[in-house]
> 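This structure is in structure tokens; I'll ask about it shortly.
Reckoned from all heavy atoms, side chains included, excluding hydrogens, waters and symmetry mates.
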Amino acid sequence: MLKRTTKSTVSKISSFTADEKDPIAIRIEHICKWFGDLLVLKDVSLEIAKNEFVCIVGASGSGKTTLLRMLNGLAEIDVGRILVDGTEVHGPRRDMAMVFQQFDLFPWKTIEKNISFPLDLAGMDKAEIAERVKAAVTLVGLDGFESKYPNQLSGGMKQRVGLARALVVRPSVLLLDEPFGAVDAQTRETLQEELLKIWSDLRQTAVFVTHSIDEAITLADRIVVMSARPGQVSGILEVDIPRPRTVESVRRDSRYPGLREQVRALIGGQEGNHE
């Protein structure tokens, strides 16, 4: 299980800077995206506040992952623009990090080297790299596994490595593309609770794509529901369940059934797996 984060660990991980005068971290303005003749996203606009946790749900093909990739500068924007901390996105940014559904770990590298990879690539000082990696390893509860290789870890532990690799760059914005979709249900709930604790300590702006309504309610301050292709924002719901949260406390909250039904109603007859 995850070790409780200390203040010193948090300070070593979360020393990013941003314009504190503007309360909005991300502005998505009238985004449209085509793949050939296929319109995937149509006139998508959204504002996400600093330190807010937003989950995006919708049927397969609604453009959730495409939108996340455009946020990270990994996919071209055809129409509209995205601004992060007031700066327009034209490519990958050092103050943003993304966690993917597939673990995408280098099998020939140790866990320590997988986590340090983006820092090594940036040519950072070795002493600084060691300090950051140590803090990230502790934050995600992987102490003692630094010298292991990915094939020696469970799926849940591999995803912790992916999360640590994202956190080690000290991003102001954390993007997560169905990061727990490839693990079993019990591990998924464990990882949700661990992410809740990490986010509670770091308070980064987080955008989390998921097919699971339950997962979205557990994690989010707001849930953005995307329509079927072409993807549009069909509704935004506030999750007014108090923090700190656990999976169990969310399920027991009197507001949970109503929120779940509201999300299901917004999704409507869209195809896809919505737990």
> Are the side chain of E112 and the backbone N or O of V133 linked by a donor-acceptor pair below 3.5 Å?
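No.
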> What's the verdict on side chain to side chain contact (heavy atoms under 4.5 Å, CB included) for D253 and R245, showing C-alpha distance, side-chain angles and the deciding distance?
CA-CA 10 Å; D253 193 281; R245 299 176 189 164; over 6 Å; no
> Looking at S172 and D95, would you say the former's side chain and the latter's main chain have a donor-acceptor pair under 3.5 Å?
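Confirmed, S172 side chain pairs with D95 backbone.
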> CZ/R222 to CD/E52 distance, rounded to the nearest 0.5 angstrom?
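With rounding to 0.5 Å, CZ (R222) is 4.0 Å from CD (E52).
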> Counting only N and O atoms by type, is there a donor-acceptor contact under 3.5 Å from the side chain of T138 to the main-chain atoms of K134?
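Indeed, once roles are kept as given, a pair shorter than 3.5 Å links the two residues.
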> Atom OG1 of T110 and atom CD1 of I115: how far apart are they, to the nearest 0.5 Å?
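With rounding to 0.5 Å, OG1 (T110) is 8.5 Å from CD1 (I115).
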> Are any of the side-chain heavy atoms of S116 and K113 separated by less than 4.5 Å?
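Yes, their side chains come closer than 4.5 Å.
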> Is there a path of hydrophobic side-chain contacts, each under 4.5 Å between heavy atoms, that joins L74 and L83?
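No, no single cluster joins them.
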> Kindly indicate whether the side chain of N72, heavy atoms from C-beta on, has any atom under 4.5 Å from the side chain of P92.
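The answer is no; the side chains never approach within 4.5 Å.
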> With the side chain counted from C-beta on, respond yes when I111 and P150 share a heavy-atom pair under 4.5 Å apart, and no when they do not.
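Yes, side chains in contact.
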> Would you say NZ of K109 has more than 12 non-hydrogen atoms from neighbouring residues, nucleotides or ligands within 6.0 angstrom?
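Atom NZ in K109 is crowded, with more than 12 foreign heavy atoms closer than 6.0 Å.
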> For A97 versus V169, what's the shortest heavy-atom pair and its separation?
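For A97 and V169, the tightest heavy-atom pair comes out as CB-CG2, 3.8 Å.
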> Determine, using the 4.5 Å side-chain heavy-atom cutoff (strictly less than), whether I24 and L174 are members of one ILVMFWY cluster.
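No, I24 and L174 fall in different hydrophobic clusters.
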> Between M226 and V44, is a side chain to side chain contact (heavy atoms under 4.5 Å, CB included) present by the stated rule, with each step listed?
CA-CA 9 Å; M226 301 291 291; V44 174; 4.1 Å; yes
> Looking only at heavy atoms, what is the nearest atom pair of V54 and V224, with distance?
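Here V54 and V224 meet closest at CG1-CG2, 3.7 Å.
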> Counting C-beta onward and ignoring hydrogens, is there a side-chain heavy-atom pair between R160 and L153 closer than 4.5 Å?
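No - every pair of side-chain heavy atoms lies 4.5 Å or more apart.
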> Can you spot which of V233, V207, V225 makes a side chain to side chain contact (heavy atoms under 4.5 Å, CB included) with I56?
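So the option named by the test is V207.
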> What verdict does the side chain to side chain contact (heavy atoms under 4.5 Å, CB included) test give for L71 and I28, after you've listed the backbone C-alpha separation in whole Å, the side-chain angles of each residue and the deciding distance to 0.1 Å?
CA-CA 8 Å; L71 270 170; I28 300 170; 4.3 Å; yes
> Within the distance-only criterion (no hydrogens, no angle test), does the side chain of Q159 pair as donor or acceptor with the backbone N or O of P179 below 3.5 angstrom?
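It does hold such a pair.
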> Look up atom CZ in F208 and atom CD in E215, then write down how far apart they are to the nearest 0.5 Å.
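Nearest 0.5 Å value for the CZ-CD distance: 4.0 Å.
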> Please check if atom CD in Q186 has more than 12 non-hydrogen atoms from other residues, nucleotides or ligands closer than 6.0 Å.
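No - once you tally the heavy atoms of other residues, nucleotides and ligands closer than 6.0 Å, there are 12 at most.
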> Is atom CZ of R94 surrounded by more than 12 heavy atoms (other residues, nucleotides or ligands) closer than 6.0 Å?
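No, because the 6.0 Å sphere around CZ of R94 holds 12 heavy atoms or fewer from other groups.
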> Considering only heavy atoms from C-beta outward, does the side chain of S154 approach that of T187 to under 4.5 Å?
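Side chain of S154 against side chain of T187, heavy atoms only: no contact under 4.5 Å found.
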> T210 side chain to I213 main-chain N or O, any donor-acceptor pair under 3.5 Å?
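Such a contact is absent between T210 side chain and I213 backbone.
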> Indicate the atoms forming the closest heavy-atom contact of E193 with T246, along with that distance.
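Between these two residues, the closest heavy atoms are OE2-CB, 3.5 Å.
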> For the atom pair CD1 (I26) and CG (L175), what is the distance rounded to the nearest 0.5 Å?
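Between atom CD1 of I26 and atom CG of L175 there are 6.5 Å.
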> Is it true that a side-chain atom of N51 and a backbone atom of R203 form a donor plus acceptor pair closer than 3.5 Å?
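Side chain of N51 to backbone of R203, a donor-acceptor pair under 3.5 Å: yes, one is there.
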> Taking the side chain from R255 and the backbone from D240, do they hold a donor-acceptor pair closer than 3.5 Å?
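Yes; judged by distance alone, with no hydrogens or angles, the pair exists.
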> If you measure from OG1 on T218 to CG on L196, what distance do you get to the nearest 0.5 Å?
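Between atom OG1 of T218 and atom CG of L196 there are 7.0 Å.
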> Any idea which heavy atoms bring V183 and G155 closest together, and the distance?
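Shortest heavy-atom contact: CG1-C, 3.8 Å.
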> Keeping to residues at least two apart or across chains, list the salt bridge (charged side-chain N to carboxylate O under 4.0 Å, His left out) pairs with something in residues 61-79.
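Sorted result for residues 61-79: K33-D78.
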> Any donor and acceptor pair, going by atom type alone, linking the side chain of S45 with main-chain N or O of H30 inside 3.5 Å?
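Yes, S45 side chain to H30 backbone: donor-acceptor pair under 3.5 Å.
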> With a 4.5 Å cut-off on side-chain heavy atoms, are W34 and V79 touching?
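With C-beta onward as the side chain, the pair touches.
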> When Ile, Leu, Val, Met, Phe, Trp and Tyr are grouped by side-chain heavy atoms lying under 4.5 Å apart, directly or through other members, which residues fall in the same group as F106?
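Its cluster partners, ordered by chain and number, are W108, F117, L121.
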> Decide whether L191 and V247 are clustered together by the hydrophobic rule: side chain heavy atoms of Ile, Leu, Val, Met, Phe, Trp, Tyr closer than 4.5 Å, transitively.
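Each belongs to a different hydrophobic cluster.
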> So which of R93, M98, M96, Q204 actually passes side chain to side chain contact (heavy atoms under 4.5 Å, CB included) with V173?
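Output: one option passes, namely M96.
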> To the nearest 0.5 Å, tell me how far T190 OG1 sits from R188 CZ.
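Going from the OG1 atom of T190 to the CZ atom of R188 covers 12.5 Å.
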> So, Y256 and D214: side-chain donor and acceptor under 3.5 Å apart, yes or no?
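Per modelled atom types, Y256 and D214 side chains form a pair under 3.5 Å.
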> If hydrophobic clusters are built from ILVMFWY residues whose side chains come within less than 4.5 Å, do V161 and F145 share one?
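Result: yes, single cluster for both.
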> Sub-3.5 Å donor-acceptor pair from the side chain of R132 to the main-chain atoms of V168, do we have one?
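Such a contact is found between R132 side chain and V168 backbone.
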> Could you name each residue pair satisfying ring-ring contact (aromatic ring centres under 6.0 Å, His included) that touches residues 53-74, not counting sequence neighbours?
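Non-adjacent pairs meeting ring-ring contact (aromatic ring centres under 6.0 Å, His included): F53-W199.
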> For V239 and A220, which heavy atoms make the closest approach, and how far apart are they?
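Looks like CB-O, 3.3 Å.
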> Closest approach of G162 and V99, non-hydrogen atoms and distance?
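Looking at all heavy atoms of both residues, the shortest contact is O-CG2, 4.0 Å.
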> So L202 and L139, do their side chains get closer than 4.5 Å, heavy atoms only?
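SC-SC contact between L139 and L202 confirmed.
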> Looking at side-chain heavy atoms only, is the closest gap between I198 and L167 below 4.5 Å?
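Answer yes - side chains close enough.
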> Could you give me the CA-CA distance, side-chain angles and deciding distance for D221 and E238, then say whether side chain to side chain contact (heavy atoms under 4.5 Å, CB included) is met?
CA-CA 6 Å; D221 295 312; E238 300 279 347; 5.7 Å; no
